[in-house]
Amino acid sequence: MSATTSVFAEVLTSAQQQIQQDLTLALDAFGLPEPIKSAVHHAVMLGGKRVRPALCYATAALQPNNPNMAAVRRAAVAVELVHCYSLVHDDLPCMDNDALRRGQPTCHIVFGESTALLAGDILQSMAYEVLSSRLFDQGVAVDQQIMFKQMQLLATSSSKMVCGQVLDLAAEGQRIDQSTLENIHRNKTGALIQAAIMMSAVTVFKGTDLAITQLRQFGQAIGLAFQVQDDILDITANTEVLGKTAGKDVQVEKSTYPALLGLDEAKNYAQQLHDQALEALAYFGEDAKSLYEITQFLLSRHY
Ligand code: GRG
């Protein structure tokens with residue numbers, strides 16, 4: 001592994017350790033009954049790159065000694081819970097009907113369809129319970145304005161994700177143009193990634209700050225780039241490395257960037273979007289080191 005690769009890995013590894021701890025604390029606080037407790041544990045705790053929490057922490061790092069770290073940690077947990085819900089529902093037989101996720105049998109394969117459906121449902125409401133709680137506060141007063149903005153950002157992005165999924169399902173087997181595909185991806189995948197960044201940004205900056213505009217642009221570019229890369233990996237990576245079924249998009253005739261533009265053009269487009277993301281980060285200089293590293297990881301990722 002080269003020196004540069006290990007730097008990328010470091011920022012993700014430390015985020016993975018932090019979120020693993022915080023998710024454990026959050027899930028324990030719920031005291032769920034069986035079998036939903038085990039289904040939720042299965043959906044949340046077993047692997048995943050934890051890119052969205054990593055983006056929350058890296059955005060918070062734009063301000064050293066951020067006094068609102070409890071709100072950042074709650075945001076990271078909440079956004080990952082919503083992401084896990086979307087994966088559980090996305091894998092259900094009525095959706096993508098997938099048997100493998102994060103290298104494990106999917107939630108409905110292990111616990112049955114109705115428990116998996118309910119696990120997805122409860123993950124969503126748990127996210128808002130966490131966001132509106134005092135988890136991680138350690139006696140520091142809650143900033144209710146930040147809390148409100150975070151709830152709003154998560155709810156809006158979560159609705160966009162569902163609308164993106166609806167449009168994506170409707171487009172299966174259809175020929176669509178690039179702007180229609182972009183609209184699907186910006187909603188289905190980009191919105192939650194952008195929310196991860198903005199839910200943390202509101203703990204650091206005021207709405208009128210130029211920093212907010214720059215981060216919004218960064219989030220938009222990186223959110224779309226993530227899905228373009230996901231489309232590319234679906235055809236270039238194998239199931240074992242991906243931890244989910246490779247080649248699924250082609251199988252169900254999904255509209256993807258490689259299908260629309262060809263593989264080489266899709267790779268160029270991913271690079272262009274990453275360049276746009278890095279341009280938006282330039283405003284922050286050295287303070288954006290962690291965000292820069294995550295951006296590099298996302299372009300070079302193999303899973
Ligand atoms: C509301 C019934 C109902 C269903 C919702 C919203 C939804 C189903 C599905 C859309 C979410 C989805 C699966 C989008 C694709 C985004 C994507 C690339 C997911 C994989 O994200 P990674 O690579 O996964 O971050 P890990 O496993 O690393 O966390």
Side-chain angles (χ1 to χ4, degrees), residues 9 12-13 15-16 19-20 23 42-56 76-77 79-98 100-108 113-114 116-125 127 154-172 181 183-197 222-235 237 239 241-246 248-249 252 254-257 270 294 297-303:
L12 264 199
T13 308
Q16 281 162 358
I19 194 66
Q20 206 69 10
L23 284 167
H42 181 92
V44 175
M45 300 307 292
L46 307 183
K49 293 181 287 301
R50 312 301 200 191
V51 166
R52 294 153 192 81
L55 286 167
C56 283
V77 167
V79 81
E80 186 64 16
L81 293 181
V82 168
H83 170 57
C84 292
Y85 124 72
S86 81
L87 299 182
V88 170
H89 281 190
D90 193 53
D91 290 333
L92 285 171
C94 62
M95 298 262 175
D96 272 5
N97 193 17
D98 248 306
L100 189 70
R101 170 72 66 184
R102 294 175 165 175
Q104 307 281 335
T106 45
C107 196
H108 66 273
E113 237 176 288
S114 43
L117 180 75
L118 292 167
D121 290 340
I122 206 166
L123 281 170
Q124 189 167 201
S125 39
L154 188 61
T156 307
S157 65
S158 197
S159 298
K160 285 186 177 173
M161 179 177 74
V162 175
C163 293
Q165 175 82 346
V166 169
L167 297 172
D168 195 26
L169 289 174
E172 277 179 12
L181 183 60
N183 184 42
I184 294 173
H185 284 353
R186 282 195 190 282
N187 283 285
K188 190 180 86 163
T189 309
L192 194 62
I193 289 181
Q194 196 181 13
I197 297 159
I222 206 71
L224 186 55
F226 188 86
Q227 184 61 53
V228 178
Q229 189 66 11
D230 205 69
D231 286 358
I232 293 169
L233 289 176
D234 184 73
I235 52 174
T239 297
V241 176
L242 276 184
K244 61 181 180 179
T245 317
K248 197 69 199 276
D249 293 343
V252 298
K254 230 176 212 170
S255 296
T256 63
Y257 280 91
I294 295 170
F297 162 78
L298 292 180
L299 184 64
S300 58
R301 73 190 171 105
H302 304 295
Y303 65 102

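Read the numbers this way: they start at 1 and go in the same order the structure lists the ligands and their atoms.
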What's the verdict on side-chain contact (heavy atoms from CB on, under 4.5 Å) for Leu242 and Leu233, showing C-alpha distance, side-chain angles and the deciding distance?
-> CA-CA 8 Å; Leu242 276 184; Leu233 289 176; 4.0 Å; yes
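Among all non-hydrogen protein atoms, the one lying nearest atom 27 (O) of ligand 1 is Arg102 NE, 2.9 Å. Among all protein heavy atoms, the one lying closest to atom 6 (C) of ligand 1 is Met161 CG, 3.5 Å. Regarding atom 19 (C) of ligand 1, its nearest protein heavy-atom neighbour is Leu87 CD2, 3.9 Å. Of all protein heavy atoms, the one lying nearest to atom 17 (C) of ligand 1 is Gln227 OE1, 4.3 Å. Ranking protein heavy atoms by distance to atom 13 (C) of ligand 1, first place goes to Asp90 OD2, 3.2 Å. Closest to atom 25 (O) of ligand 1 among all protein heavy atoms lies Arg52 NH1, 2.7 Å. Here the protein heavy atom with the shortest distance to atom 16 (C) of ligand 1 is Thr189 OG1, 3.5 Å. At the shortest separation from atom 3 (C) of ligand 1 among protein heavy atoms lies His89 ND1, 3.6 Å.
There is a side-chain donor-acceptor pair under 3.5 Å between Thr245 and Asp98. Residues Arg186 and Gln194 have side chains that never bring a donor and an acceptor to within less than 3.5 angstrom of each other.
Relative to atom 29 (O) of ligand 1, the option among Glu80, His83, Lys49 with the closest non-hydrogen atom is His83.
Annotation for ligand 1: atoms under 4.0 Å from non-hydrogen atoms of Asp230 are 18 (C). Numbered from 1 in the order shown, with element, the atoms of ligand 1 that lie under 4.0 Å from a heavy atom of Met95 read 2 (C), 3 (C), 4 (C). Here is the list of ligand 1 atoms found below 4.0 Å of a heavy atom in Gly48: 26 (P), 27 (O), 28 (O), 29 (O).
Between Phe297 and Tyr303, the two ring planes are perpendicular [angle over 60°; tilted spans 30° to 60°].
Checked against a 3.5 angstrom limit, the closest N/O atoms of Lys188 and ligand 1 fall outside it. Considering backbone and side-chain atoms alike, Gln165 places every N or O at 3.5 Å or more from each N or O of ligand 1.
The distance from the OG atom of Ser86 to the NE2 atom of His83 is 6.0 Å, given to the nearest 0.5 Å. To the nearest 0.5 Å, atom CG of residue Leu87 and atom CD of residue Glu80 are 8.0 Å apart.
Under 4.0 angstrom from ligand 1, the non-hydrogen atoms of Tyr85 all belong to its side chain.
Using a cut-off of 4.0 Å between Lys/Arg side-chain N and Asp/Glu carboxylate O, Lys254 and Asp168 are scored as salt-bridged.
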